[in-house]
Amino acid sequence: MLTNNLGYPRIGSKRELKKACEQYWSGNSTIQELVQTGREIRKQNWEMQKEAGINLIPSNDFSFYDQVLDLSLTVGAIPKRYHEVILNKGNTELDLYFAMARGYQKDGLDITAMEMTKWFDTNYHYIVPEFLKDQQFKLFSTKLLDEYQESVRLGIKTKPVIIGPVSYLLLGKEKESGFDRIDLIRNLLPVYLELLKKLEEQHVEWVQFDEPFLSLDLTEKDRKAFKYVYAEIKKRFPRLKILLATYFGALQDNKELALSLPVHTLHIDLVRSPEQLKEILADIPAYMGLSLGLVDGRNIWKNDFDASLTLIKSAADKIGHDRLMISPSCSLIHSPCDLELETNEAVLSAEIKQWLSFARQKIDEVAVLNELALNIKTAIPKLKANKIANESRKSSDLIHNNAVKQRVAGITVEDDQRKNTFAVRQQLQKQALNLPLFPTTTIGSFPQTQEVRSWRAKYKKGDLSAEEYNELIKKETEETIRFQEDAGIDVLVHGEFERNDMVEYFGEQLAGFTFTKNGWVQSYGSRCVKPPVIYGDVYRPLPMTVKWSAFAQSLTNKWVKGMLTGPVTILQWSFVRNDQPRSETCTQIALAIRDEVVDLEKAGIKIIQIDEPAIREGLPLRKSDWQDYLQWAVRAFRISASGVKDDTQIHTHMCYSEFNDIIQNISDMDADVITIECSRSQMELLDAFANFKYPNEIGPGVYDIHSPRVPAKEEMVFLLQKAQKVIPSAQLWVNPDCGLKTRHWDETKKALIEMVSAAKVLREYVEEAVTL
Ligand code: GLN
Ligand code: ZN
């Protein structure tokens, strides 16, 4: 039996790579210094894994930005617009690479970055490969070979990791019409073969091909491509040991295909789907080994050794230890680096800490599972310790709160429904709120300046007292209210200056959440996030936002919108407990948010927004699992929103997403008003709402907040008129497309003043039409 790892975090346990990259980008360090940081991180990771007893240690899992972009450079899929960057003297391959990732503004050039999108159902974002009809590939970057050789020089013969050619093509995007990117497989494969030949010359033993698409819905063409690729590789390199890695789900209907491929070992994800082991064991061909993905690469909980050993035993009984490997379920880049860095008990308590395992600890878990499976006596105390920790988690009263469980069990049909239909509510809200046609509003946050951030930092450090901090935030809020009044905005917001982050702010105030000091996970490039940990039953001990919303409302005669993050988004952007279904945890959060909504209403807040930007990204990878998810996700939103009177107006907000395939579910959320991102697509996203005849009110974003550009009134009038063609005027709101926290005040003020003028133009047109 071998121990295997699929990939290790490359950001460095103290985010060394992030810092080194940002230093280099800002011109404060040399490329040699950056390259050196990379080398040190790789060395540390390899040596650590070797010492821990990992047999198959990955290389090429390191990346200065993103592994998909690495591969685009490896196979020479470099869009034409970057060719000038290569030609500019003084630029290295790494400069070209960063230009593709981040855009290039230098030497009189202004080249846009490549697009970025989510890596399957994770919060990691990759750089989307761009393909043309006659796309040619050629071996361009030798990063993979270099890193393999580097490891060999250090005395560690690693297993190079590469994204398989089928998944690579499927991850990309056709940049012109008239072809299907999977048809490029015949052009692409020769580059892989050339690379493998070079690796063979270096006496490589193992190569890991990641083909996560084997856990997704595939077309017949995709399947053919899989067969073709792996047959060719086998033909050319009969002795090379290929580890074919699948993860993030079960093989399901691709099981036969995967088991028919001539690879040495197949890796399967037994965390997402332990059930699939049995079926795979029943059909696995005699030549194939199996890598058991037992240690959860996507979450932070300690492995349950007993449960894992049961799976290992059933596999060993069937095909023998020699054909098995023990592994994490997927690459560990989705886990934080090292739990041992969490030494501050005021942040993460010892009791909770003993239930957790980060990447460094997961490596040990793989090694210990191997020892235990092989009956190595010295490992027995580790099994006992693991049992004790997991038992304590099961029974801890930190986790279990009967009142919360009973409340969830007692939810009735009425609890997820407003008292009356939207048509009735709309009339009541019209009377109560008295808003003009095309009401103007914003999405919630106003610029979070350096200054505002520094107050929070000082407050946390103790350099500012609570009173001093609150006074500063109050002043900022008041100024923001005054600006909105002066600008003539109809529905105001308080500006969210008291919030660090839209999930963390709520997590910090909810029971059942904890935080880490160093639990960083790469989100994209040098950007890392530190997700909260939901470890126990969730409830809201005290109101969370009422004080600030009520304060803001007390300053003005206009309506101030209460501002909350929705249950699905809070769930989606946290590490979630794995001892109950996610739907259960989501329902608990929904009840906590419901309490807040009701308290806001009591405090005189008549308009309340519950943001759900993450609802679409929570969609399962397989279409067949969508409805189940959507059913509980939509219900959670409704539970959070339905505790109020009919004349209280509930808003929701969603960021850039494709709405077409879930429009029915969005409509089922039954928010009185939805604001969505639309401006970048020139209102195209609205088509889904129009075709569906979306019944409630909509605020299609009329300008892009991701750019500092100030849009002119005319542009927004144009977009609104486009929207008017498909959405009745009585249903239309006017707003930017997302929160303004990343913008500067200057551009924000100018843009919002233009936006209000645009709404006025529209109102005048309607009046003229009436008098005519
Ligand atoms: N209310 C939040 C804000 O304005 C919404 C953020 C988001 O959509 N991601 O910042
Ligand atoms: Zn948004």
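When a ligand or atom number is given, it counts from 1 through the structure's own listing order.
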Is it the case that over 12 heavy atoms from other parts of the model lie below 6.0 angstrom from the OH atom of Y539? no
Evaluate the ring planes of Y629 and W632, with Trp represented by its six-membered ring, and classify them as parallel (under 30°), tilted (30 to 60°) or perpendicular (over 60°). perpendicular
Have Q417 and S642 got a donor and an acceptor in their side chains that come within less than 3.5 Å? no
Relative to the ring of Y65, is the ring of W25 parallel (under 30°), tilted (30 to 60°) or perpendicular (over 60°)? tilted
State whether the side chain of T441 and the backbone N or O of N735 hold a donor-acceptor pair below 3.5 Å, judged by distance alone. no
Is it true that H334 and F248 have ring centroids separated by less than 6.0 Å? yes
I want to check a possible cation-pi pair here: K474 against F551, using under 6.0 Å from ring centre and within 45° of the ring axis as the test. yes
Mind listing the protein N/O/S atoms less than 2.8 Å away from the Zn ion (ligand 2)? Waters don't count. H653 NE2, C655 SG, C738 SG
Check ligand 1 for N or O atoms under 3.5 Å from a protein N or O and list each pair with its distance.
unit_1   : atom_1 : unit_2 : atom_2 : d
ligand 1 : 1 (N)  : I443   : O      : 3.1
ligand 1 : 1 (N)  : E496   : OE2    : 3.0
ligand 1 : 1 (N)  : D611   : OD2    : 2.6
ligand 1 : 4 (O)  : I443   : O      : 3.4
ligand 1 : 4 (O)  : S445   : N      : 2.9
ligand 1 : 4 (O)  : S445   : OG     : 3.1
ligand 1 : 8 (O)  : H653   : NE2    : 3.1
ligand 1 : 10 (O) : S445   : OG     : 2.7

Salt bridge D611-R499, side-chain N to carboxylate O under 4.0 Å: no
Taking atom types as modelled and ignoring hydrogens, do the side chains of H744 and D746 form a donor-acceptor contact shorter than 3.5 angstrom? no
